[in-house]
Amino acid sequence: MANAIRIVLMFFGLALALFGIGVDYLLPGTSPGLNLPQLLIIFAGLAISVVAYIFRRPTFRRGLVAGSRRSIMAAVLVTLITLLALELLLTLGGMSVYFQGDGAIDNIPPERRSYCDEAGCRYNYDVVRERCADGELSGRYCTVNRQGFADDEDFVASADYAERIRVLALGDSYTHGFSAEVGKSFVETVEALNPEIVVWNAGIIGSGTNQAVASFELLAPILQPNLTILGFYWNDFHENLVPIKFRFEVENERGQTVFLRPFRFDAWDNLVPIDEPTAIHLATHGVYPPANEIERLLGSARLGTLVLRLRDNIAEIGKAERRLAKSVELTRGYLRQLRDLVSSQNSALLVILIPGSHEAETESEHYNIAIDLMEELEMPYMALNSIMIADEDYAPPPEGHWNSAGHQKVGALLSNCLQVFVASDKLGDCEHVVMP
């Protein structure tokens, strides 16, 4: 009878461990990936199986009964001393704990500098103007029109627009003009070199192609552009994973504005909403708040931190590849949608493939994927990685965008292309432009 019970316990422990491993695939609404409760279930199941197997051996049972209490206490004491010594060594080595103290982001402005709605995200004109007047903002941050875009003129069609060439620029921080002096971004350079042409800058910092689609739908009926320019940077793939309404504004300890997104991705890259305090904790510490008291206790110790980081590393296996594949598929859909919308407005479309400083004169995986998408969707594009120079055309870290010289180099190239387009109505004659 005793042996039967031990055998049952062995199989029960193994079943419990397997349940802990595969619970994500058995219970509805759960996210795959080994979290702390699952690890505890797995370890508990294995412990039950191991103990049941050991106790089925008669010699071990007799030895255990005959063993002295002093030996057990000695084993416990040695274990505790070893754990304390390891914790001390990790502390002296400067290892940080998983859950640290209060972070740098601790202020949510009552009036936010940007807002999001069905037409995408834009800047709040009244709030920006007030902060600029008070000296809280300056420079390019104060370039915003009443429609909430980074342009010094309002987007209102005038009577002479029908006789003028009209250009709509879409994109993220590069198109916005980040890191360039006011008046020297590539869009502003095009505008300065071609005063007879109407240029609207709809670049939004931290946005993706989905934002470009929303901005085009909002502005194209008003402007009716002859040419639409999309600035595409490699992180647009990641930005396109997120609905454009998913972001809010906070300030860090230096008074700088930081845009956060109240969501997380589960292990299958499904978008899961989270509250703003959780998003702030994640941005500050790089980890989510503890899910329970056990996780909090583990994360407050160095040894426990090793366990939690091992869990995170296991959960990250294969995630980057899956997320990239999903972002490429979403980006393909947004690019196709933008292409068709532009065509329906009888506008030409030119995509500027923007290289980062690490891609200057080279091609990264993301850059090559972007080229493949342009070829597949037959979208004209301008490849700039062969002409940009990392040491000359980019601002130093942490900004890393084009500096004023880089922006002006691209602006001059685009200006020449625009003149060719006006003269021949053909983008294929432009330098560095590829017509798939």
Side-chain angles (χ1 to χ4, degrees), residues 113-114 123 128-129 131-132 135-145 148-153 167-207 212 227 229-236 254-259 350-362 364 367 381-420 430-433:
R113 190 157 59 93
S114 66
Y123 304 107
V128 170
R129 297 311 304 172
R131 293 189 182 182
C132 290
E136 296 180 32
L137 296 175
S138 61
R140 183 162 299 282
Y141 293 107
C142 294
T143 303
V144 60
N145 61 19
F149 291 95
D151 201 301
D152 56 3
E153 296 184 0
V167 177
L168 176 60
L170 308 169
D172 58 7
S173 51
Y174 277 90
T175 304
H176 177 279
F178 205 76
S179 296
E181 300 173 39
V182 175
K184 295 184 178 180
S185 72
F186 77 84
V187 177
E188 292 167 326
T189 300
V190 169
E191 193 170 16
L193 293 175
N194 303 274
E196 74 284 0
I197 293 176
V198 181
V199 182
W200 285 6
N201 187 349
I204 296 290
I205 294 175
S207 65
L227 175 63
I229 297 175
L230 171 66
F232 187 93
Y233 184 53
W234 70 267
N235 65 1
D236 288 8
R254 296 184 296 276
Q256 297 172 323
T257 298
V258 180
F259 294 102
L350 176 63
V351 180
I352 310 300
L353 293 185
I354 300 172
S357 58
H358 64 287
E359 296 167 316
E361 305 176 14
T362 62
S364 67
Y367 202 85
Y381 65 94
M382 179 180 286
L384 300 176
N385 62 309
S386 63
I387 67 170
M388 305 308 292
I389 302 174
D391 295 336
E392 297 180 6
D393 299 325
Y394 291 83
E399 291 186 0
H401 294 71
W402 293 331
N403 56 24
S404 294
H407 272 278
Q408 290 182 301
K409 176 189 286 188
V410 176
L413 184 64
L414 275 175
S415 178
N416 293 334
C417 181
L418 188 55
Q419 293 169 11
V420 170
C430 295
E431 190 177 5
H432 299 291
V433 169

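Computation of the quantities below employed the complete heavy-atom set of this structure, encompassing side-chain atoms and omitting hydrogens, waters and symmetry-equivalent molecules.
When atom types are taken as modelled, the side chain of Lys409 and the backbone of Ile387 share a donor-acceptor pair closer than 3.5 angstrom. Listed for the Arg129 side chain is no donor-acceptor partner under 3.5 Å among the backbone atoms of Val144. Side-chain atoms of His407 come within 3.5 Å of backbone atoms of Phe186 as a donor-acceptor pair (strictly under, hydrogens ignored). Using modelled atom types, one side-chain atom of Asn145 and one backbone atom of Glu153 make a donor-acceptor pair closer than 3.5 Å. Not a single donor-acceptor pair under 3.5 Å links the side chain of Asn194 to the backbone N or O of Ile197.
Residues Leu350 and Val433 form a side-chain contact, since some pair of their non-hydrogen atoms from C-beta on lies under 4.5 Å apart. Residues His401 and Ser173 have side chains in contact (heavy-atom distance under 4.5 Å, counting atoms from C-beta outward). Between Val420 and Glu431 there is no side-chain heavy-atom pair separated by less than 4.5 Å. By the 4.5 Å heavy-atom criterion applied to side chains, Pro355 and Tyr367 are counted as neighbours.
Between Trp402 and Tyr174, the distance separating the two ring centers is shorter than 6.0 angstrom.
How far SG of Cys430 is from CE of Met382: 6.0 Å, rounded to the nearest 0.5 Å. Here Ile204 contributes atom CD1 and Phe149 contributes atom CZ; the two are 5.5 Å apart, rounded to the nearest 0.5 Å. Atom CG in Leu413 sits 7.5 Å away from atom CD1 in Ile352 (nearest 0.5 Å).
For the pair Val198 and Trp200, the tightest heavy-atom approach, listed with the atom from each and the gap, is CG1-NE1, 3.6 Å. Closest of all the heavy-atom pairs between Gly411 and Val190 is O-CG2, 3.5 Å. Taking all atoms of both residues into account, the shortest heavy-atom contact from Ala192 to Pro195 is O-CD, 3.7 Å. Taking both residues in full, the closest heavy atoms of Ala405 and Glu392 are given as CB-O, 4.2 Å, listed atom of the first, atom of the second, then distance. Between Ser185 and Gly177, the shortest heavy-atom distance links the atoms CB-CA, 3.6 Å. Between Tyr123 and Val128 the shortest heavy-atom distance is CB-CG2, 4.4 Å.
Between the side chains of Gln408 and Thr189, no donor-acceptor pair of N or O atoms lies under 3.5 Å. Between the side chains of Asn201 and Thr175, no donor-acceptor pair of N or O atoms lies under 3.5 Å. Side chains of His358 and Ser364: no donor on one and acceptor on the other come within 3.5 Å.
Taking Ser179 as the reference, Glu399 meet the side-chain hydrogen bond (donor to acceptor under 3.5 Å, both in side chains) condition, with sequence neighbours excluded. Residues meeting the side-chain hydrogen bond (donor to acceptor under 3.5 Å, both in side chains) test with Thr143, sequence neighbours left out: none.
Between Arg140 and Glu188 there is a salt bridge, since at least one side-chain N of the basic residue sits less than 4.0 Å from a carboxylate O of the acidic one.
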